Amino acid sequence: MKLNLTKSFILFPKSPFHFDGTFHKPSHFPNNLKLEDWEPGIYWQSLRIGKRLFGLKIKNGGTTAKPKLLASVFYKGSLSHNELEGIKKEISWRFELDQDFRAFNALAKNDKRFYPVFKKWMGMRNLSQYTLYELLIIAVVLQNATVRRSQQMLDALISKYGIKIEFDKKVFYAIWLPEDLSKTKEQELRDLRIGYRAKFIKRLSGDFANKKIDEFQLRTLDKENAKKELIKLYGIGPESARILLFEALHHYDVFDHIAPWQHKIYSMLFYNKKLVPTNTIQKDILRQYGDYSMLTVHYIWEDIFWRRKHEKIDWLEKEIRL
DNA sequence: CATCAGGGCCCTG
DNA sequence: CAGGGCCCTGAT
């Protein structure tokens with residue numbers, strides 16, 4: 001599908017805003033059939049809004065202190081004024097453009113140990129590129145699998161059910177709509193070598209298609225209630241819920257679950273030791289960072305993965321199982 | 001060649 | 001609330 005038409009507009013995120021830290025997360029695994037792409041100062045992605053599919057390109061037109069985004073939406077057919085306004089709002093929500101970071105930055109300033117990290121990434125947002133359903137699919141392929149296998153599963157799903165789009169002379173893929181999968185036979189999904197996750201994905205797709213769950217309603221709930229709703233979903237447990245609460249629903253204080261592979265990395269990052277008990281890590285992080293526990297960890301986590309691009313960090317390589 | 005854990009979760013007892 | 005089973009892969 002070629003998206004030939006385009007409308008451009010300017011967005012002003014609340015200062016400070018860190019463009020590259022926001023639009024590129026080196027800790028996320030890259031899949032071959034790209035949903036998004038980044039180079040310094042430019043970001044692209046396929047953008048699902050309701051049932052429509054768009055291309056989104058955002059260029060950096062400002063600085064961290066005086067942020068300005070040059071955005072373009074690519075589309076086919078028509079795009080009404082109202083629809084465009086809706087897209088702008090959705091972009092603001094997903095990329096947290098209006099987020100007030102004053103309290104967080106005050107906390108960061110008093111942190112002797114990690115202040116250099118916070119300073120370096122000041123204004124970095126949590127990145128939530130996808131709809132709740134799309135992120136749910138990604139969370140499911142992450143379960144009980146190493147990075148390479150997660151990549152394989154997502155690529156297999158996208159190559160069979162995804163939608164290929166072209167805009168700005170680049171090719172991207174988008175995740176299908178829930179209703180596209182709700183009637184699929186479980187075996188057809190299993191043939192993609194996603195194992196027992198086939199059952200999860202089928203049932204989740206059905207629940208979304210039948211409106212048993214509504215992303216916009218979940219956005220209005222507080223953390224605990226949102227979590228309760230997410231855990232009710234078939235195939236979504238504590239770890240997947242944590243990912244969704246942070247990435248899709250923008251709750252900054254969800255440091256209630258530590259997965260085994262994260263455990264090793266946190267132990268080294270925060271204590272320079274091999275394995276510190278998880279409840280010690282949790283207590284320490286919650287005591288120091290409270291309402292910003294997950295956001296804080298996100299800054300420190302992404303920072304080490306940025307560093308990994310240029311320097312070899314031996315202990316980290318061992319923990320990132322490819 | 002076999003065995004096993006891995007970016008978890010469900011189900012059973 | 002503990003523990004077994006689950007799909008598949010790459011590591012050992």
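All values reported here derive from a predicted model rather than from experimental measurement. In the text below, chain A, chain B and the rest are named by the order of the sequence lines, each starting its count at 1.
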Nearest-angstrom distance, [atom1] atom, [N] to [M]:
| N | M | atom1 | result |
| --- | --- | --- | --- |
| dC4(B) | dG5(C) | P | 12 Å |
| dC1(C) | dG7(B) | C1' | 24 Å |
| dC10(B) | dT9(C) | C1' | 22 Å |

Could you tell me whether [X] and [Y] make a salt bridge, using a distance below 4.0 angstrom between a side-chain N and a carboxylate O?
| X | Y | result |
| --- | --- | --- |
| Glu179(A) | Lys51(A) | yes |
| Lys227(A) | Glu224(A) | no |
| Arg219(A) | Glu215(A) | yes |

**OP:** Among the candidates dC7(C), dG7(B), dG10(C), find the nucleotide nearest to the side-chain atoms of Asn144(A).
**Re:**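 Per side-chain heavy atoms of Asn144(A), the pick is dC7(C).
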
Original post:
Out of dG6(B), dG8(B), dA11(C), which nucleotide sits closest to the side chain of Gln143(A)?
Top reply: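 Nearest listed nucleotide: dG8(B).
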
Within this structure, what is the [atom1]-to-[atom2] distance between [X] and [N], rounded to whole angstrom?
| X | N | atom1 | atom2 | result |
| --- | --- | --- | --- | --- |
| Ile194(A) | dC7(C) | CD1 | P | 11 Å |
| Trp261(A) | dG10(C) | CH2 | P | 19 Å |
| His298(A) | dG7(B) | NE2 | C1' | 16 Å |
| Glu239(A) | dC10(B) | CD | P | 13 Å |
| Ile231(A) | dC10(B) | CD1 | P | 8 Å |
| Arg190(A) | dC7(C) | CZ | C1' | 7 Å |
| Lys25(A) | dG7(B) | NZ | C1' | 18 Å |
| Ile138(A) | dG8(B) | CD1 | P | 16 Å |

Identify whether any heavy atom of [X] sits under 4.0 Å from a base atom; if not, whether one sits that close to sugar-phosphate; answer base, sugar-phosphate or nothing.
| X | value |
| --- | --- |
| Ser150(A) | nothing |
| Arg193(A) | sugar-phosphate |
| Arg197(A) | base |
| Gln152(A) | sugar-phosphate |
| Leu189(A) | nothing |
| Ile236(A) | sugar-phosphate |
| Val141(A) | nothing |

Is the distance from the ring center of [X] to that of [Y] below 6.0 Å?
| X | Y | value |
| --- | --- | --- |
| Phe167(A) | Tyr75(A) | no |
| Phe114(A) | Tyr289(A) | no |
| Tyr266(A) | Phe255(A) | yes |

Subject >> Where the chi angle of dG5(C) falls, syn if within 90° of 0 and anti if not >> reply: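 Base orientation relative to the sugar is anti.
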
Original post:
Hey, which of these two, Leu233(A) or Phe29(A), hits DNA chain B nearer its 5' end, going by closest nucleotide?
Top reply: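 Looking at DNA chain B, the more 5' nearest nucleotide goes with Phe29(A).
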
**OP:** Using heavy atoms to find the nearest nucleotide of DNA chain B for Lys232(A) and Leu142(A) separately, return the residue whose nucleotide is more 5′.
**Re:**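 Residue closer to the 5' terminus by nearest nucleotide: Leu142(A).
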
Under 4.0 Å between a side-chain N or O of [X] and OP1 or OP2 of [N]?
| X | N | result |
| --- | --- | --- |
| Tyr234(A) | dC11(B) | yes |
| Arg149(A) | dG6(B) | no |
| Ser240(A) | dC9(B) | yes |

Original post:
Nearest 0.5 Å, what's the CD1-CD1 distance between Ile320(A) and Ile265(A)?
Top reply: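 Separation between the atoms: 5.5 Å.
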
**OP:** Once you apply the 3.5 Å cut-off to both distances, tell me the Watson-Crick or G-U wobble partner of dG7(B), or none.
**Re:**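 Here dG7(B) is not engaged in any pair, so there is no nucleotide opposite it.
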
